Structure formats: C-alpha cells, structure tokens
2 protein chains.
Amino acid sequence: MATARTGSGVDKRRVILDAAVVVFARRGFHACRVSDIADEAQVAYGLVYHYFRSKEEVLDTLFLERWNVLLEVISEIDGRDLPPREKLYAIGGFIMDSYRHDPDLMKVIIVEVTRAANTFGRTHLGKIREAYALIAEIVAKAQAEGSFKRKVTPQFAALAFYGAIEQVLTGWIFDQQPRAEAEVEQAKQFVVETICGGLDAAPASAATV
Amino acid sequence: MATARTGSGVDKRRVILDAAVVVFARRGFHACRVSDIADEAQVAYGLVYHYFRSKEEVLDTLFLERWNVLLEVISEIDGRDLPPREKLYAIGGFIMDSYRHDPDLMKVIIVEVTRAANTFGRTHLGKIREAYALIAEIVAKAQAEGSFKRKVTPQFAALAFYGAIEQVLTGWIFDQQPRAEAEVEQAKQFVVETICGGLDAAPASAATV
DNA sequence: TCCGAGATTGACTGATCAGTCAACCGTCGG
DNA sequence: CCGACGGTTGACTGATCAGTCAATCTCGGA
C-alpha cells in the first residue's frame, strides 16, 4: 500500500496520479482514455490497473488526497485566534493559492467532482459538505460573539462564500491563463470584501438582528 | 425549421427536447444514450437525428433556448426604475424560480453547460459571460450613482452574486428534493442580503472611497 | 384516386475503450 | 547460481453507442 518503490527509486503510483491530473485537466475525465494516462506517465497501460481498480478510483484518490488537506487547513485556521473576517480570508486565500500552485489539480477537483452533480459530486457529497459545515461553524461563532449579523443563516453564508470562490476559480479555469500573484491577491480581498462588507454604500441597518 | 407538426398536432421536435431534459437530468449527458432520449420521447431512434445533427446539438438547443430568455429578462429588469438591490433580487429571483418551475432543465443547464469547463461550458462561454456582463452593468451604474461602494469591481461583484446563486441551486440539485416555495423565497432574500448587506455587523467603513 | 415530400422507423455499422490476463523482467534472499 | 515474487508489459476481448440509411408511412394537393 505505502509507497512501493523499486530500485529505480520512482513511485510509479505517484507518477500515474500526477499524469492523471494533467490528462484529466486537459481533456476532462470522460473524454480522456486510460491509455492517455499511461502514455503521459510513460508507463504500460496495465500498470494503471495494478495500482487502481478503475479509472474512477484514480479520480477518487486525487480528490480525497486534496480535499482532506483542505478540511484540515480549514480546521486549523478555525482554531487560530483571529477575527472571523480574517479566518475567511485565510480559507479563501488557501483555496486560491492552491489553484495558483497547481491549477490542473484544482481544475480537476472542481470540474470533475465538486461541480459534477451526476457523477463524482454525488459520491463525495459528504466530504464536500464537511467543508461547508466547517465554514458555517466559523460564521456561527462570529454571529454568537456579535461580529457578524444574524440576518442570514451560517449555512447560507458558507454557501455564498464558497460559491463566490468557486466562481472565481471557474473563471480562471475557463481562461486557461496562469494567474499572476497580484490578481490572486486581489481576488482574495474582493471575496472577503464582498461577502463580509457587502456592496451597499449605506449600512442596511444598525440592528444586529 | 419552424414547428413542424403533422396531423396529430404534436411537435415531435419539442417532444424530443423535453424528453432530453428528463434524460439528461436523470443520468447526465455523457452517461445517457440517444436511445434513452428516443425511448423517453416514445419516438424512433432515427427521428432524433432527423431533427438534430447530433446528441450535442440537442443540449446546445436546450441551453440556448433558456439562456436567451435569461439574458432578455436581465436586460428587461435592468431597464426598470428600481434600486439596484431590488434589481439583483429580481434577477436572482427569476433564476431560482426557474429552478422551481423546471428543476430538470435548470439542472441540465447548470451541470452540463454552465459548470462544464471542458465541454459545453467552453462552447458557450460567450453567452454565459453576457449574463455576467449585464449584471456587472447594473452594479457599475449603482456605484456611479453612489448606492453601491466602489471597493470591488462590478465584474467581480457580478461573479460573486451569480456564484452564490449557482451554489444554492447546486445544493438543491444534489438534494434532489422539490423545493418548497418558502425555501426558495428565503434563498432569494439571503442571496441579496449577503451580497448587498454583507455579513459584518459593523459597517466596514463609512467612506465611499 | 394517385403522387410526392416530408416524417418516421429501427436494424446495422464502425469505432471506441475499459478492463483482463498471460507472459516477461529485475531483484533479492538463500 | 537459482527460484520466486512483485512490478511491469501490451495485445486482446467484450460491450457499448453515436450516427447512417434504406424502407415505410402519412397526408395534403392535383
């Protein structure tokens, strides 16, 4: 199970996973063939089936690997002693930085899993919603301590926050261009500013409820 | 081209389109077969190819039909003499009502087109971005007249607004349950409240910048 | 009544691919 | 030096489906 490596010192399982990211990102999960993955990995077709039971298991593995990291990071950020607005900034920042560092992987996760309601999205619904729940938890605490209004449920706020982030990433994915550091930084600020600060010039109401 | 109907009085092209919505929503575009569409429409396999050049053209047709309606509605709403916040409410409301009235069609449009970066999303990028641009226009005008802050670009505000809506719909799509009127109404208000009012209890800053 | 155009049918073709499997290879312990 | 075992190979199989097409039907006009 763990890191099989022959004399050559190369973990072929890892090579296959990395190749799959490239191929899934380029052509999409459905449009690409298992032989594309094997070719990209410079490995024989059959080897993919030595390490994975199916093409789907390759995607599942990629998604879970990364999503678990995300869940841990969110929990860790939640644990910090920070104002809620900065917690959200840190979470949004982490996700957008992830895209900057590995656009292919994030593209695959978003396009093929997170937004694929008929296939993998449904399979991993539980995992995906864990992230929403964690974010909602942050909002709920902020409301309890009075730094966020109570006009909207924490669950909804989490949805809107994450939705805005994914929409930004989707825009980048469609564009296909590598993102400049400054653009990513601005997006991070814009997300928090929009969700926390709102668009209205005049505060809608001074009341906390 | 226009509404071919035989003595029976039934427009088979329409029947096929409606059947496709059901089938695409149930199994997804890639997973379903053309014969599923024909079966659902109670029509011979070949008839699908009499009216459409390919399976893809069926989806394209469904998307364009509905998206053009959306674009017209947004333009119409923009033309009304309403505060920007209410314009956004009307737009979000229209989209969410569309889901309530025809969840299958909206599911297909969102899952198979709007969020499919590798396939149809790319094909229809232009159309999709027209919607963003129209919304951004509303925000820009609101900023110019001083009712919205200038902290965020109109383009970004449009992205966040639409992203929040789509995320709500995606949640509904995953849930698979029909939505109650009250729930839809609350979602409309929550979207506008979050995007326009923001989560912060205290106004971030009084200055309009 | 007869004819032709368009609507409708569904068997068939050609291509594509996921997944299998039997053989091969390299390494390591004995 | 040998045997065995896990890693590695890639040709092959079986199934699936999009799209084609020639035959059949229906109906309105002459």
Side-chain angles (χ1 to χ4, degrees), chain A residues 1-24 26-63 108 112-113 116 118-120 123, chain B residues 1-24 26-63 108 112-113 116 118-120 123:
Chain A
M1 177 120 315
T3 335
R5 48 180 73 203
T6 339
S8 60
V10 195
D11 179 359
K12 291 289 178 68
R13 185 170 176 280
R14 186 77 254 161
V15 171
I16 291 171
L17 283 171
D18 292 342
V21 168
V22 173
V23 170
F24 288 163
R26 184 164 53 215
R27 321 233 343 229
F29 178 83
H30 292 288
C32 84
R33 293 158 287 166
V34 173
S35 63
D36 293 332
I37 301 175
D39 290 350
E40 180 71 29
Q42 303 204 58
V43 134
Y45 185 91
L47 197 62
V48 175
Y49 287 92
H50 178 71
Y51 288 109
F52 304 94
R53 274 192 304 241
S54 67
K55 187 182 170 190
E56 302 206 346
E57 194 179 276
V58 177
L59 216 205
D60 286 338
T61 304
L62 287 171
F63 168 75
V108 169
E112 308 294 349
V113 185
N118 286 307
T119 52
F120 296 95
T123 308
Chain B
M1 179 118 314
T3 334
R5 48 181 72 204
T6 337
S8 58
V10 195
D11 178 358
K12 290 289 176 71
R13 184 171 177 279
R14 187 76 255 162
V15 171
I16 291 171
L17 283 171
D18 293 342
V21 168
V22 174
V23 169
F24 288 163
R26 185 164 53 216
R27 321 234 342 230
F29 178 83
H30 292 287
C32 83
R33 292 158 287 166
V34 172
S35 64
D36 293 332
I37 301 175
D39 290 351
E40 180 72 30
Q42 303 203 61
V43 133
Y45 185 91
L47 198 61
V48 176
Y49 287 92
H50 179 71
Y51 288 109
F52 304 93
R53 272 192 305 239
S54 66
K55 188 183 170 190
E56 303 207 345
E57 195 179 277
V58 177
L59 217 206
D60 286 338
T61 303
L62 288 171
F63 169 75
V108 169
E112 307 294 348
V113 185
N118 286 307
T119 51
F120 296 95
T123 308

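The structure displayed is predicted, hence computed values, not measured ones. A, B, ... follow the sequence lines: proteins, then strands. Residue 1 opens every chain. Atom set for the values below is all heavy atoms of this structure, side chains included, hydrogens, waters and symmetry mates excluded.
In the helix from C:dT1-D:dA30 to C:dG30-D:dC1, the end axes, each obtained as the rotation axis mapping the C1' atoms of four pairs onto the next four within a five-pair block, lie 10° apart to the nearest 10 degrees.
Nearest to the side chain of B:Tyr49, among C:dG19, C:dT9, D:dA18, sits D:dA18. Side-chain atoms of B:Tyr51 lie closest to C:dT8 of the nucleotides D:dG19, C:dA18, C:dT8. The side chain of B:Arg33 approaches D:dA18 more closely than any other nucleotide in the set C:dA7, D:dT8, D:dA18.
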### Task
Could you go through the side chain to side chain contact (heavy atoms under 4.5 Å, CB included) check for B:Glu40 and B:Arg26 one step at a time?
CA-CA 11 Å; B:Glu40 180 72 30; B:Arg26 185 164 53 216; 3.3 Å; yes
### Trace of the side chain to side chain contact (heavy atoms under 4.5 Å, CB included) decision for A:Arg33 with A:Arg27
CA-CA 9 Å; A:Arg33 293 158 287 166; A:Arg27 321 233 343 229; 3.8 Å; yes
### Message
Using the rule given for side chain to side chain contact (heavy atoms under 4.5 Å, CB included), can you reason through B:Val43 versus B:His50, listing the C-alpha separation, both sets of side-chain angles and the distance that settles it, and then say yes or no?
### Response
CA-CA 11 Å; B:Val43 133; B:His50 179 71; over 6 Å; no
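Across the protein-nucleic acid pair, B:Leu47 atom CG and D:dT26 atom P stand 14 Å apart, rounded to whole Å. B:Arg53 places its CZ atom 16 Å from the C1' atom of D:dT20, with the value rounded to the nearest Å. Atom-to-atom, CZ of B:Phe29 to P of D:dC17 comes out at 13 Å; the value is rounded to the nearest Å. When rounded to the nearest whole Å, the span between CZ of A:Arg13 and C1' of D:dT8 equals 17 Å. Taking atom CZ of residue A:Phe52 and atom P of nucleotide D:dT8, one finds them 12 Å apart after rounding to whole Å. Atom C1' of nucleotide C:dT16 and atom NZ of A:Lys55 are separated by 11 Å, given to the nearest angstrom. With rounding to whole Å, B:Glu56 atom CD is found 14 Å from D:dC17 atom C1'.
Of the inter-residue distances, the one linking B:Leu17 atom CG with B:Arg13 atom CZ reads 5.5 Å to the nearest 0.5 angstrom. Atom CD of B:Glu56 and atom OG1 of B:Thr119 lie 8.0 Å apart (nearest 0.5 Å). Note: B:Phe63 CZ to B:Thr123 OG1 = 9.5 Å, rounded to the nearest 0.5 Å.
Across A:Phe52, A:Tyr49, A:Tyr51, a single residue satisfies side chain to side chain contact (heavy atoms under 4.5 Å, CB included) together with A:Glu57, and that is A:Phe52.
Under 4.0 angstrom from either OP1 or OP2 of C:dA7 there lies at least one side-chain N or O belonging to B:His50. Put simply, A:Lys12 has a side-chain N or O that comes within less than 4.0 Å of OP1 or OP2 on D:dT8.
Nearest heavy atoms, A:Ala38 versus A:Tyr45: CB-CA, 3.8 Å.
Residues of residues 39-46 of chain B having a heavy atom closer than 4.0 Å to DNA chain C, listed by number: B:Val43, B:Ala44, B:Tyr45, B:Gly46.
When the ring pair (Phe, Tyr, Trp, His ring centres under 6.0 Å) test is applied to B:Phe120, the partners found at least two apart in sequence or on another chain are B:Phe29.
Comparing A:Val48 and B:His30 by the nucleotide of DNA chain D that holds the closest heavy atom to each, the one mapping nearer the 5' end is A:Val48.
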